[in-house]
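First up is the structure itself, then whatever we jot down about it.
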2 protein chains.
Amino acid sequence: MTRRNPAKSAPAKPASTRPAVRKRAAAQPATRAQTVYAAIKDDIADFRLLPGDRFTETELADRLGVSRTPVREALYQLQREGFLSVQFRSGWSVNPYDFDRFENLYDLRQLLELEAVRRLCDRKESLEALDVLEAYWLLPEAERDNDGRSVARQDEAFHLSLVEAAGNPEMARVHADVTERIRIVRRLDFTQQERIDTTYAEHAEILKAIRRRRSERATSLLAAHIEASRAEVRKITLHKLFEARRGSWG
Amino acid sequence: MTRRNPAKSAPAKPASTRPAVRKRAAAQPATRAQTVYAAIKDDIADFRLLPGDRFTETELADRLGVSRTPVREALYQLQREGFLSVQFRSGWSVNPYDFDRFENLYDLRQLLELEAVRRLCDRKESLEALDVLEAYWLLPEAERDNDGRSVARQDEAFHLSLVEAAGNPEMARVHADVTERIRIVRRLDFTQQERIDTTYAEHAEILKAIRRRRSERATSLLAAHIEASRAEVRKITLHKLFEARRGSWG
DNA sequence: GTACGCCGTCTTGTATGCAAGATACGCAAA
DNA sequence: TTTGCGTATCTTGCATACAAGACGGCGTAC
């Protein structure tokens with residue numbers, strides 16, 4: 001039954017010829033567990049599930065029209081990611097927003113992004129990855145996107161793209177993970193038009209600095225940009241989260 | 001059959017007003033799933049499960065004396081962590097060692113540790129966290145630990161402790177995760193006495209530099225230390241992994 | 001009115017049953 | 001010998017059954 005190990009004599013690299021390890025994303029029919037996982041995560045991100053909310057596996061299974069098995073798989077995943085907690089024989093609950101943790105995640109995010117930008121500026125080859133970013137962020141004011149929701153998505157993509165372009169997939173994976181965790185508070189930064197404008201301006205400057213390989217300038221701009229966002233989020237968080245909580249029960 | 005009466009439907013919403021019971025049981029009951037998870041992870045770390053090995057859920061469940069349910073839970077977790085892959089209706093397999101990924105993980109590790117040391121040196125308060133590290137790594141040569149296995153464990157603890165002491169639990173969590181992933185190759189660095197001696201010497205120097213708040217020195221020492229380890233691992237990996245593979249088939 | 005204890009219901013953790021389909025193997029044909 | 005095909009077996013994903021124990025509500029004592 002156990003298949004022989006291929007290439008006993010050369011266990012090293014044959015993997016690179018066959019990317020079977022990589023998830024076959026396209027053809028995969030998306031299991032029920034994955035669907036449930038995404039559904040719950042969205043419920044949390046969109047304030048339909050709020051900190052302190054309690055629920056049971058059966059409840060969720062009934063609501064989503066599946067059995068407890070895929071529900072449990074999704075729940076355990078979210079538990080491991082820090083969104084949920086399970087009480088033995090006593091149901092699940094949504095974890096409270098932990099502002100200390102948001103701070104720490106912002107720190108981590110900043111560390112990763114600054115390193116990424118440093119590497120981009122030091123890189124010899126051309127930076128094609130920036131093209132698509134410039135196409136969005138260097139638009140004249142009239143053509144800009146003004147929908148906060150949409151800008152928030154693009155903002156996430158901007159920062160993640162920088163890290164991905166730096167060429168270390170592990171750093172990018174961690175960065176993506178951090179992004180998921182801070183999404184709830186970070187999105188609140190894009191509820192004011194003035195902040196959206198500022199974001200456009202700062203992203204543009206950062207992109208230009210990277211293009212010119214001005215490492216020092218790019219990193220200090222990016223650091224300031226992230227700090228500004230963090231300060232803004234810190235300021236409006238409690239109030240806005242409360243509003244969101246009320247509004248979501250309509 | 002109809003033991004449950006869904007029509008009764010206890011008031012669902014009041015649950016959200018009820019404060020989540022954050023009762024932390026003193027000792028986690030350690031579910032079967034967690035046991036299985038640890039067992040498989042150890043099997044991989046100790047070369048009892050090798051890249052390319054294939055197995056089924058039933059096989060594992062029988063061997064470990066549990067049902068498929070906890071086994072599946074553990075397997076899916078290891079899948080998400082990158083250790084295993086599942087082929088739809090065709091069994092599980094251990095992922096190949098990906099040396100590019102090890103390189104990227106070493107990069108990430110270095111980034112985290114250098115930042116941690118920088119923060120430690122900049123910190124105003126005393127650094128009690130270093131006491132326990134010094135107790136192990138500043139020993140005179142005669143009293144040192146010479147068991148590679150044990151030193152490898154202590155080495156992991158050393159580096160993780162530095163990051164933990166820096167005070168950002170999220171960075172520490174990522175670092176711990178990285179540590180788990182590179183363990184397989186990293187341990188091979190401690191199979192030679194000379195490398196163990198070097199590790200003692202370099203850890204001692206790093207600790208002293210941090211004590212003296214010599215940030216520049218501490219970070220460059222640490223960077224060199226990690227680089228040396230990485231180079232060593234890079235050199236002996238293929239050979240040693242092959243040996244380990246053969247040896248484990250006894 | 002208040003405190004306390006018992007009991008039934010509910011909840012998770014685990015085991016088992018079932019279905020669709022992927023894989024392997026034997027056998028026949030060239 | 002090699003190739004192709006049909007089938008039996010195996011495997012995962014999902015649904016369901018079961019067990020130990022946590023929680024809440026009710027009744028009782030005062």
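In what follows, chains are A, B, ... by sequence order, proteins preceding strands, each numbered from 1. Any value given below was found using the heavy atoms of this structure, including those in side chains, with hydrogens, waters and symmetry copies removed.
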Counting only side-chain N and O atoms of A:Arg72, is one of them less than 4.0 Å from OP1 or OP2 of C:dT14? no

B:Val94 vs B:Leu50 side-chain heavy atoms within contact, under 4.5 Å: no

Pairs meeting criterion ring-ring contact (aromatic ring centres under 6.0 Å, His included) with involvement of residues 59-85 of chain B, two or more places apart: B:Tyr76-B:Trp92

Let me know the distance between CD of B:Glu57 and P of C:dA15, rounded to the nearest Å. 14 Å

Return the CZ to CZ distance between B:Arg187 and B:Arg153, rounded to the nearest 0.5 Å. 9.5 Å

Output all residues satisfying salt bridge (Lys or Arg N to Asp or Glu O under 4.0 Å) with B:Arg89, sequence neighbours left out; order by chain, then residue number. none

Plane angle bin for A:Phe102 and A:Tyr97 - parallel if under 30°, tilted between 30 and 60°, otherwise perpendicular: tilted

pair A:Leu114-A:Ile226: side-chain heavy atoms closer than 4.5 Å: no

Does the pair A:Asp177 and A:Arg181 meet the rule for a salt bridge (charged side-chain N to carboxylate O under 4.0 Å, His left out), with working shown? CA-CA 7 Å; A:Asp177 200 57; A:Arg181 290 172 199 234; 2.9 Å; yes

Is the shortest heavy-atom distance from the side chain of A:Glu57 to the side chain of A:Leu75 under 4.5 Å? yes

Might you point out which heavy atoms bring A:Ser229 and A:Asp189 nearest each other, and give the distance in Å? OG-OD2, 3.3 Å

Sorted by position of nearest nucleotide on DNA chain D, 5' first, the leading residue of A:Pro70 and B:Gly91 is B:Gly91

B:Tyr37: which of B:Glu73, B:Arg32, B:Glu81 passes side chain to side chain donor-acceptor pair (under 3.5 Å): B:Glu81

Check nucleotides 18-22 of chain C for protein N or O atoms closer than 3.5 Å to its own N or O atoms and list the pairs.
from   : atom 1 : to      : atom 2 : distance (Å)
C:dA20 : N3     : B:Arg89 : NE     : 3.0
C:dG21 : O4'    : B:Arg89 : NH1    : 2.6

Report the distance from atom CD of B:Gln87 to atom P of C:dA24, rounded to the nearest whole Å. 11 Å

side-chain hydrogen bond (donor to acceptor under 3.5 Å, both in side chains) with B:Arg149: which residues, sequence neighbours excluded? B:Asp46

Answer with base, sugar-phosphate or nothing: what part of the nucleic acid does A:Thr56 contact at a heavy-atom distance below 4.0 Å? sugar-phosphate

Please work out which residues in residues 75-84 of chain A have a non-hydrogen atom less than 4.0 Å from an atom of DNA chain C and list them by number. A:Tyr76

If you restrict it to nitrogen or oxygen atoms, what contacts under 3.5 Å exist between nucleotides 6-9 of chain D and the protein, and what is each distance?
none

Quick one: A:Glu73 CD to D:dA15 P, roughly how many Å, whole number? 11 Å

Distance, rounded to the nearest Å, where A:Arg54 contributes CZ and C:dT11 contributes P: 10 Å

Which of these nucleotides, D:dA15, C:dT12, D:dT12, is closest to any side-chain atom of A:Ser67? D:dA15

To the nearest angstrom, the CH2-P distance between B:Trp92 and D:dG13 comes to 6 Å

